[in-house]
Amino acid sequence: MEIKQLYREIVNEHNLHPSHKRNLDNPTMVLQGINPSCGDDINLQLKVKDGIIEDAAFNGSGCAISQASTDMMIDLIIGQTKEEALKLAGTFMGMIKGETTEEEIEVLDEAAALQDISHMPARVKCAVLGWRTMRQMVEELNRQEVKDADVTAAGSSECGAGPCGVK
Amino acid sequence: MNTLIEQYRRDFPILQGNDVIYFDNAATSQRPVQVMEAMRGFNDTCNANPLRGLYAWSVEATEAYERARETVADFIGAAHAREIIFTRNTTESMNLVAYSYGLSVCRPGDEIVITVMEHHSNILPWQMVARQTGAKLVYMEPLADGTLTDEEIESKITDKAKIVSVGHVSNVMGVTNPIRKIADAAHAAGAVMVVDGAQSTPHMPVNVRDLGADFYAFSGHKMMGPMGIGVLYGREDLLDAMPPFLTGGEMIEYVTRESATYAELPHKFEAGTVNATGAVGLEAAISYMKKVGFDLIMGQEELLTKRLMAALKEIPEITVYGSSDPTRHCGIVTFNIDGCHPHDVSSVLDTEHVDIRAGHHCAQPLMKFMGVGSTARASLYFYNTEEEVDRFAEKVSKVRGWLGYGN
């Protein structure tokens with residue numbers, strides 16, 4: 001897809017009228033994701049219960065591709081288990097690297113439209129910012145869980161302040 | 001179109017047979033066929049390692065390399081060719097001054113004075129010197145239009161200053177700084193004046209002695225020369241007293257197992273095999289600039305900048321940074337479009353074959369000072385045309401629509 005068409009058909013709508021640009025009450029975890037060279041800056045919030053991403057939202061500023069990609073990602077991960085979200089992230093990253101088949105990226109729904117970003121090296125960082133941040137958060141949550149399980153089976157599962165902003 | 005411009009434009013193969021509007025000249029300029037031919041001539045007739053061999057090709061290579069040095073010295077008004085050090089680029093030149101001069105002279109409590117408009121290559125080397133020596137980095141700040149006032153210069157450059165280092169032309173604002181005035185203040189305070197000439201040398205006549213520059217750095221690739229060749233001018237007495245920056249081959253006089261004595265200027269600062277092909281290309285670029293002449297270069301750039309700024313003024317959603325006077329822009333027009341991130345602007349313009357820079361332009365402190373995250377920048381050179389400016393403005397006026405506004 002030519003980039004103007006990509007903006008017209010997918011990116012502009014999610015950038016100008018995002019569905020998930022807001023703040024969550026009591027998020028399980030908040031993490032800032034930045035692309036220093038572009039000034040893209042998002043604040044991703046996840047609410048996770050029993051291993052399922054119950055809700056997600058973001059705030060921040062940056063180019064249309066970073067904002068739209070994050071918004072589309074949140075469409076996909078709400079209601080998914082953490083493992084499914086990580087799998088989707090793997091598929092998205094694979095798509096951006098040009099390593100996936102058309103069938104494999106069907107699960108990405110609208111976000112699959114960003115496939116052609118793989119031909120625009122300068123914009124790859126923008127497209128993956130939300131996904132990279134989400135993956136980091138889920139991995140951190142998993143680490144916390146393992147740690148909690150190790151330390152005590154009885155303690156509360158509420159996370160302490162972690163190195164990447166666990167609330 | 002100016003027939004002379006049209007004629008010179010034909011010397012640039014990359015500008016032929018396509019509709020690309022190349023407005024990223026402040027990042028790197030295009031190269032005329034004359035520069036490529038000169039480099040090829042060196043390659044095809046006398047390529048050998050200069051300054052070493054005792055055979056004809058090496059002697060010829062040495063002559064070509066040293067002739068390029070003479071040409072550069074003459075071009076910027078240096079007193080002697082031995083005051084010209086070939087480097088890779090402006091960044092390396094600035095690092096040479098910082099490591100070799102800055103680390104040698106700065107003591108705790110001394111001040112290094114720069115401006116907030118500097119390119120990172122004129123900030124980071126001084127941060128390093130300040131960190132290692134205990135000297136303090138002091139920033140001069142301009143008015144919103146880029147003007148450095150006399151009061152600012154006088155209040156920031158005090159007797160504590162050891163080094164004052166300022167860009168001749170800002171790569172974002174395009175404003176030409178009052179180097180002579182700043183140099184006089186620096187010298188009165190007992191400091192040396194370092195000038196980053198990366199953005200000025202391609203666009204205006206430069207005389208380092210008239211400017212009062214003790215060090216002056218620039219890159220070949222922004223003035224139609226090849227990438228990988230840059231220049232550091234340094235006053236001979238200063239260079240003489242400085243330790244080498246890099247050590248190794250060709251910069252020595254005599255080496256024992258324990259120590260070495262260094263070669264005379266300028267070779268003391270040119271360790272290892274030199275970029276002779278690049279120097280020959282730079283010499284050809286200088287010859288080409290002289291042929292075109294700064295009257296034509298500056299005249300065309302001013303004409304185009306006026307036209308571009310007038311056209312952008314017609315688009316209400318556009319903010320142009322720096323002075324409202326086009327003659328104070330040196331062909332650099334930095335702007336933003338309301339609601340549009342510069343990277344999206346550049347991406348959609350790319351599909352229209354328009355090449356501009358978008359981002360922080362390696363000047364993050366300036367972006368912060370201006371209160372913006374990033375900007376778009378169109379930078380012109382004399383081979384650009386009025387027709388390109390008109391087409392550019394027309395395309396820029398459509399960007400908001402392409403990015404979903406007003407549809």
Side-chain angles (χ1 to χ4, degrees), chain A residues 1-21 32-43 58-72 96 110-111 113-130 132, chain B residues 20 24 27-28 119-121 123-124 172 317 321 334-377 394-407:
Chain A
M1 198 186 295
E2 198 239 355
I3 194 162
K4 281 211 295 283
Q5 189 189 352
L6 177 65
Y7 276 94
R8 191 168 58 241
E9 293 182 3
I10 308 283
V11 172
N12 290 340
E13 180 59 23
H14 282 278
N15 179 44
L16 299 177
H17 310 289
S19 315
H20 304 290
K21 201 163 184 174
Q32 185 188 29
I34 48 172
N35 283 327
S37 64
C38 329
D40 295 334
D41 187 343
I42 60 157
N43 192 281
F58 78 109
N59 257 311
S61 61
C63 70
I65 292 187
S66 71
Q67 304 295 300
S69 180
T70 304
D71 199 52
M72 287 189 272
I96 294 293
E110 260 193 324
L114 293 175
Q115 185 177 18
D116 291 328
I117 295 289
S118 61
H119 309 305
M120 302 165 199
R123 305 311 302 276
V124 163
K125 275 188 298 184
C126 317
V128 303
L129 177 64
R132 185 164 53 82
Chain B
V20 174
D24 197 18
T28 197
H119 187 280
H120 293 163
S121 61
I123 299 178
L124 271 67
V172 176
E317 295 87 0
Y321 299 98
T334 294
F335 63 97
N336 261 328
I337 305 175
D338 286 353
C340 304
H341 191 283
H343 283 186
D344 297 317
V345 174
S346 180
S347 275
V348 293
L349 284 175
D350 172 45
T351 68
E352 295 285 311
H353 303 167
V354 173
D355 298 354
I356 59 162
R357 178 81 190 268
H360 52 61
H361 316 292
C362 300
Q364 285 179 351
L366 178 58
M367 294 291 115
K368 200 166 178 202
F369 180 75
M370 288 161 59
V372 293
S374 58
T375 57
R377 179 187 71 187
E394 193 238 322
K395 289 176 192 300
V396 167
S397 72
K398 292 183 181 161
V399 165
R400 271 176 62 90
W402 290 327
L403 293 179
Y405 290 94
N407 292 351

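Only the side chain of S374(B) has a heavy atom closer than 4.5 Å to any heavy atom of chain A. For I65(A), the parts sitting under 4.5 Å from any heavy atom of chain B are the backbone and the side chain alike.
With chain A as the partner, the residue from E352(B), M367(B), H343(B) showing the most heavy-atom pairs under 4.5 Å is H343(B).
Pairing each heavy atom of C340(B) with each of R400(B), the nearest pair is SG-CG, 3.7 Å.
There is a side-chain donor-acceptor pair under 3.5 Å between E110(A) and H14(A).
Looking at heavy atoms from C-beta onward, K125(A) lies out of side-chain contact with R132(A) at the 4.5 angstrom threshold.
One finds no salt bridge joining R123(A) and D116(A) here, because no Lys/Arg side-chain nitrogen approaches an Asp/Glu carboxylate oxygen to under 4.0 Å.
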